[in-house]
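Only a predicted model underlies this, so the values are computations on that prediction, with no experimental measurement involved. What you see below is based on every heavy atom in this structure, not just the backbone, and it leaves out hydrogens, waters and symmetry mates. Atoms within a ligand are numbered from 1 in the order they appear, just like the ligands themselves.
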Amino acid sequence: MTETKRIPIILDGDPGHDDAISWVLAHGCGQFDILAVTSVGGNQTIEKTTYNTLRVCTLIGLNAPVARGCYHPLNTEQMNAPTVHGESGLDGPALPEPAFAVQEISGIELWARVIRNCDRKVTIVSTGPLTNTAAFLLAHPELKDRIERISLMGGGCLFGNWTPAAEFNILVDPEAAKIVFESGIPILMAGIDVTEKALVTPADFERIRALNNPVSDIVWQWLEFFYRFHKTMGYEGAPMHDPCAVMVLIHPEIFTIRDFYVQIETCGDYCKGATITDWHGTLGKTPNASCLLDLDREAFVNYLIDSIRTYGEVEK
Ligand code: RIB
Ligand code: CA
């Protein structure tokens, strides 16, 4: 695909195994002009997710500028998920040391620079807590209309995964999520309603392993590590939460998507971090999110494998 036809995007995440695989997909599919990559605290501390961001970009040969995001959520204590992603945040196979350093400027200032310099509106792909996106909107309201849309992994229209009501990314920083969902910027919301169906099974791991290229050799091991935790919870495969936020930009046709008005609960004993979805339009408000509810899993896995296969080809 020619450079001008590629969709200009910023990748923002907390790698994290599924963040890393979403970036493998984004870079491998050849559909995106990746302007910047920023880290956020979530799966692990900002220090660890920043280091992991550099290592993933080095592994996949993604030469976009990398900057460190916000040091902590807007208004809550930092939560991490070592039980899921390990102490490093990206436990499992050995990864290359970073081939380059983070930018001196902050993540949101890197966003401002690349968005100003881009001749088209930019899509934000957020696969972690929404701290950086909210901080950017607060710091640079003058650039809000330069954002095409936000494709995010987060929330759940019907249930949570970190509490009965809340999904992890939203729960880590509900105030940030509230700012984003009330911003008026078009949102694609890949909540756990769909991401828990985006399963990559052990049979699929073997298909990826058989690709036998430097990236597939790591991805199948990330999947195996990620599946270990989820298998204990009864999953039949590794749920590809974050790759859904990328895949929907490339192949929206494989998803079932409905528009809803979604509110973020920022307080409460039981529902803090919930994405309260107005299924029946009871509030009479214009929908603020296109919510992914279902997908063609086989097509999803095939497209993911196609993107990983490109790392064995000379020129992408
Ligand atoms: O709830 C799933 C989300 O939390 C994913 O983004 C995963 O990487 C973790 O950050
Ligand atoms: Ca993530």
Quiz item: Between His27 and Tyr311, how do the two ring planes meet: parallel, tilted or perpendicular, split at 30° and 60°?
Solution: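 Ring orientation of His27 relative to Tyr311: tilted.
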Practice problem: Could you list the atoms of ligand 1 found under 4.0 angstrom from a heavy atom of Met153? | Solution: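 Counting atoms of ligand 1 from 1, those under 4.0 Å from Met153 are 2 (C), 3 (C), 5 (C), 6 (O).
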Quiz item: Which option, Met240, Glu167, Glu196, owns the non-hydrogen atom nearest atom 3 (C) of ligand 1?
Solution: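 Result: the heavy atom closest to atom 3 (C) of ligand 1 is in Glu167.
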Quiz item: Which residue from Leu171, Asn169, Thr127 reaches closest to atom 4 (O) of ligand 1 through any of its heavy atoms?
Solution: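 Residue with the shortest heavy-atom distance to the ligand atom: Asn169.
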Where is the nearest protein heavy atom to [atom]: which residue, which atom, and how far?
atom	value
atom 8 (O) of ligand 1	Asp18 OD1, 2.6 Å
atom 9 (C) of ligand 1	Asn43 OD1, 3.1 Å
atom 6 (O) of ligand 1	Asp242 OD1, 2.6 Å

Quiz item: Would you say the side-chain atoms of Tyr51 and Glu97 include a donor-acceptor pair closer than 3.5 Å?
Solution: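 Judged by distance alone, the side chains do pair up.
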Exercise. Go through the side-chain N and O atoms of Asn52 and Thr49 and say whether any donor and acceptor fall under 3.5 Å apart.
Key: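 Checked: Asn52/Thr49 side chains show no N/O donor-acceptor pair below 3.5 Å.
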Self-check item: Within-cut-off N or O pair, Asp19 and ligand 1, under 3.5 Å
Solution: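 Yes, there is a polar N/O contact under 3.5 Å.
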Quiz item: Linking I/L/V/M/F/W/Y whenever their side-chain heavy atoms sit closer than 4.5 Å, directly or via other members, would Ile10 and Ile250 fall into one cluster?
Solution: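 No, separate clusters.
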Quiz item: Would Ile150 end up clustered with Val172 when hydrophobic side chains under 4.5 Å apart are linked, directly or stepwise?
Solution: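 Not linked; separate clusters.
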Quiz item: By atom name, which N, O or S atom of Asp242 is the nearest to the Ca ion (ligand 2)?
Solution: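 Looking at Asp242, the N, O or S atom with the least distance to the Ca ion (ligand 2) is OD2.
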Self-check item: Of the N, O or S atoms in Asp14, the one nearest the Ca ion (ligand 2)
Solution: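 The Asp14 atom nearest to the Ca ion (ligand 2), restricting to N, O or S, is OD1.
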Quiz item: At their closest point, which heavy atom of Asp12 faces which heavy atom of Trp23, and how far apart are they?
Solution: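 Nearest pair, atom of Asp12 first, then Trp23: C-CZ2, 4.3 Å.
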Quiz item: Charged N to carboxylate O under 4.0 angstrom, Arg258 versus Asp193?
Solution: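 No, Arg258 and Asp193 are not salt-bridged.
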Self-check item: Ion pair Lys178/Glu182, N-O distance below 4.0 Å
Solution: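 Here Lys178 pairs with Glu182 in a salt bridge, since their nearest N and O are under 4.0 Å apart.
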Practice problem: Examine the proximity of ligand 1 to Val84 and report which part, side chain or backbone, both or neither, has a heavy atom under 4.0 Å away. | Solution: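 Answer for Val84: neither.
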Self-check item: ligand 1 contact on Thr195 by region, counting heavy-atom pairs under 4.0 Å
Solution: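 Answer for Thr195: neither.
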Self-check item: Test log, rule side-chain hydrogen bond (donor to acceptor under 3.5 Å, both in side chains), inputs Ser88 and Asp91
Solution: CA-CA 6 Å; Ser88 73; Asp91 281 14; 2.4 Å; yes
Quiz item: Can you tell me if an N/O/S atom from Thr127 lies under 3.0 Å from the Ca ion (ligand 2)?
Solution: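 Thr127 does place an N, O or S atom closer than 3.0 Å to the Ca ion (ligand 2).
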Quiz item: Would one find an N, O or S atom of Asp19, in either backbone or side chain, under 3.0 Å from the Ca ion (ligand 2)?
Solution: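 Yes, since at least one N, O or S atom of Asp19 sits under 3.0 Å from the Ca ion (ligand 2).
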